[in-house]
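Hydrogens, waters and symmetry mates are skipped; everything else that's a heavy atom, side chains included, is used.
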Amino acid sequence: MSAGPLGRPARVSAGPLGRSAPVNAGPLGRPRLHLRRTDSTNERARLLAGAGAPHGTLVTASEQTAGRGRQGRRWSAPPGRALLMSLVLRQPPALLPLAAAVAVAQAAEESLGAADPGPPAGRVAIKWPNDVLLGGRKLAGILVEARPQEGWAVLGIGLNAAVAAEDLPPELRPTAIGLGLEPADVEMVLGRVLKRLAGTLEATEQHVLEAWRARDALLGAPVRWAGGEGVGAGIDGDGRLVVALSAGGQTVLDAGEVHLGSSPEQPLES
């Protein structure tokens, strides 16, 4: 499929993506383009979306050379050990980033063989807006890029399915983690993510919010951001982060970077 020039789409915050609209019918993951090596699965999926690729089109790769996370960060993983995927979604739901984070968390729990997330120290949780954590360390990241005026979004997911501690750069070992699986299991994890996504994308907003809140890593925790600090107090009905301020009252964040910890000296979750 060829594609003409495509401008850079807007990145989506944790809040609503345009109006709430039903997802087009059709299976997720078909058609599929798998690449041994690419710059970015999101970049490829954006080109396909701009060229008219149908809802559910999937781009996967064994290795990325310029994978991106939020805030322009680079997402890197050893070849064949991470799930690297991007989906083209037509008329995506309003709470797409939250629905995706819930689906990834559910698939991770299933892959770990734990129907119950377990105690807080080892459970799969979500750090607003859409980092998936295992035992407090980053397991997966989600990046949504959209063209609301054209009715499509690209959902990018990077999940450390078979990434071991020794595969990570030394500076990331204290803050990142993998599922402890083997490279041959990456396809199994992909299938579970697609199955869970099919459910959360069709779920009601209330269901998505409740499922997200059950995994909220920032609830009751000290948090800080460029404009101040406080204590996580959940998310509102639009998926925005609510923070209780130390001086009293609350504030609401709809985008941006939030760190765990109330001072720069404390460890951060990236």
(request) Can you sort out the partners of Arg37 under salt bridge (charged side-chain N to carboxylate O under 4.0 Å, His left out), two or more places apart, ordered by chain and number? (result) Glu63

(request) To the nearest 0.5 angstrom, please state how far the CG atom of Leu139 sits from the CG atom of Leu133. (result) 8.5 Å

(request) Enumerate the residue pairs fulfilling salt bridge (Lys or Arg N to Asp or Glu O under 4.0 Å) with a member in residues 175-193, sequence neighbours excluded, ordered by first and then second residue. (result) Arg32-Glu187, Glu110-Arg192

(message) Pair Leu181, Val186 - check side-chain contact (heavy atoms from CB on, under 4.5 Å), show working.
(response) CA-CA 8 Å; Leu181 303 176; Val186 172; over 6 Å; no

(message) One thing to verify: whether Glu210 and Arg213 come together as a salt bridge, which I'm taking to mean a side-chain N less than 4.0 angstrom from a carboxylate O.
(response) no

(request) Not counting sequence neighbours, which residues clear side-chain contact (heavy atoms from CB on, under 4.5 Å) with Thr204? List them please. (result) Gln206, His207

(message) Please say yes or no: joined through hydrophobic side-chain contacts below 4.5 Å, possibly via intermediate residues, are Met188 and Leu179 part of one cluster?
(response) yes

(message) Side chains of Val104 and Asn130, heavy atoms from C-beta outward: is any pair under 4.5 Å?
(response) no

(message) Testing the basics here: between Leu201 and Pro93, what is the closest heavy-atom pair and its distance to 0.1 Å?
(response) CD2-CG, 3.9 Å

(request) Using side-chain hydrogen bond (donor to acceptor under 3.5 Å, both in side chains) as the criterion, list what pairs up with Thr57, not counting sequence neighbours. (result) none

(request) Might you point out which heavy atoms bring Leu155 and Ala100 nearest each other, and give the distance in Å? (result) CD1-CB, 3.6 Å

(request) Determine, step by step, whether Trp128 and Leu253 satisfy the side-chain contact (heavy atoms from CB on, under 4.5 Å) criterion, reporting the C-alpha distance in whole Å, the side-chain angles of both residues, the deciding distance to 0.1 Å, and the verdict. (result) CA-CA 10 Å; Trp128 187 90; Leu253 306 177; 4.1 Å; yes

(request) Please report the shortest heavy-atom distance between Ala82 and Val163, naming the atom on each side. (result) CB-CG2, 4.2 Å

(request) Grab the two heavy atoms, one from Ala233 and one from Leu219, that are nearest each other, plus how far apart they are. (result) C-CD1, 3.8 Å

(request) Test Val252 against every option in Asp236, Ile235, Leu241 by the side chain to side chain contact (heavy atoms under 4.5 Å, CB included) rule and name the one that passes. (result) Asp236

(message) Restricting to non-hydrogen atoms, name the atom on Gly156 and the atom on Asn42 that form the minimum distance, rounded to 0.1 Å.
(response) CA-OD1, 3.0 Å

(request) Flag yes if Leu112 and Leu83 sit in one hydrophobic cluster, no otherwise; membership is Ile, Leu, Val, Met, Phe, Trp, Tyr, and two members link when side-chain heavy atoms are under 4.5 Å apart. (result) yes

(request) Kindly indicate whether the side chain of Leu48, heavy atoms from C-beta on, has any atom under 4.5 Å from the side chain of Val154. (result) no

(request) Indicate the atoms forming the closest heavy-atom contact of Gly151 with Pro92, along with that distance. (result) O-CD, 3.9 Å

(message) With a 3.5 Å distance limit and no angle check, can you tell me whether Asp238 reaches the backbone of Arg240 through a side-chain donor-acceptor pair?
(response) no

(request) Report the distance from atom CE of Met85 to atom CG of Leu197, rounding to the nearest 0.5 Å. (result) 6.0 Å

(request) Ignoring hydrogens and angles, tell me if any N or O in the side chain of Gln64 forms a donor-acceptor pair with the backbone of Thr41 under 3.5 Å. (result) yes

(message) Using side-chain heavy atoms (C-beta onward) and a distance below 4.5 Å, is Leu84 in contact with Thr38?
(response) no

(message) Any heavy-atom pair between the side chains of Val258 and Val243 that's under 4.5 Å?
(response) no

(message) Does Leu89 form a side-chain contact (heavy atoms from CB on, under 4.5 Å) with His55? I'd like the steps, not just the answer.
(response) CA-CA 5 Å; Leu89 300 174; His55 172 81; 3.6 Å; yes

(message) Counting C-beta onward and ignoring hydrogens, is there a side-chain heavy-atom pair between Pro183 and Pro79 closer than 4.5 Å?
(response) no

(request) Could you pull out all residues at least two apart from Gln106 that satisfy side-chain contact (heavy atoms from CB on, under 4.5 Å)? (result) Val102, Arg196, Thr200, Arg215

(message) So, taking the atom named OG in Ser40 and the one named CG in Leu143, what distance separates them when rounded to the nearest 0.5 Å?
(response) 8.0 Å

(request) Enumerate the residue pairs fulfilling salt bridge (Lys or Arg N to Asp or Glu O under 4.0 Å) with a member in residues 167-179, sequence neighbours excluded, ordered by first and then second residue. (result) Arg81-Asp167

(message) Checking the side chain of Trp152 only, and the main-chain atoms of Arg46 only, is there a donor and an acceptor separated by less than 3.5 Å?
(response) no

(request) Could you grab the distance from atom CG of Leu245 to atom CD of Glu229, nearest 0.5 Å is fine? (result) 10.0 Å

(message) So, taking the atom named CZ in Arg224 and the one named CD in Glu257, what distance separates them when rounded to the nearest 0.5 Å?
(response) 10.0 Å

(message) Please check this pair: side chain of Arg90 against backbone of Ala53, looking for a donor-acceptor N/O pair closer than 3.5 Å.
(response) yes

(request) Kindly compute the distance separating CD (Gln91) from CG (Leu96), expressed to the nearest 0.5 Å. (result) 13.0 Å

(message) For a 4.5 angstrom cut-off between non-hydrogen side-chain atoms, does Ser86 reach Glu43?
(response) no

(request) Apply side-chain contact (heavy atoms from CB on, under 4.5 Å) to the pair Ile177 and Asn160, showing each step before the final yes or no. (result) CA-CA 7 Å; Ile177 196 171; Asn160 293 333; over 6 Å; no

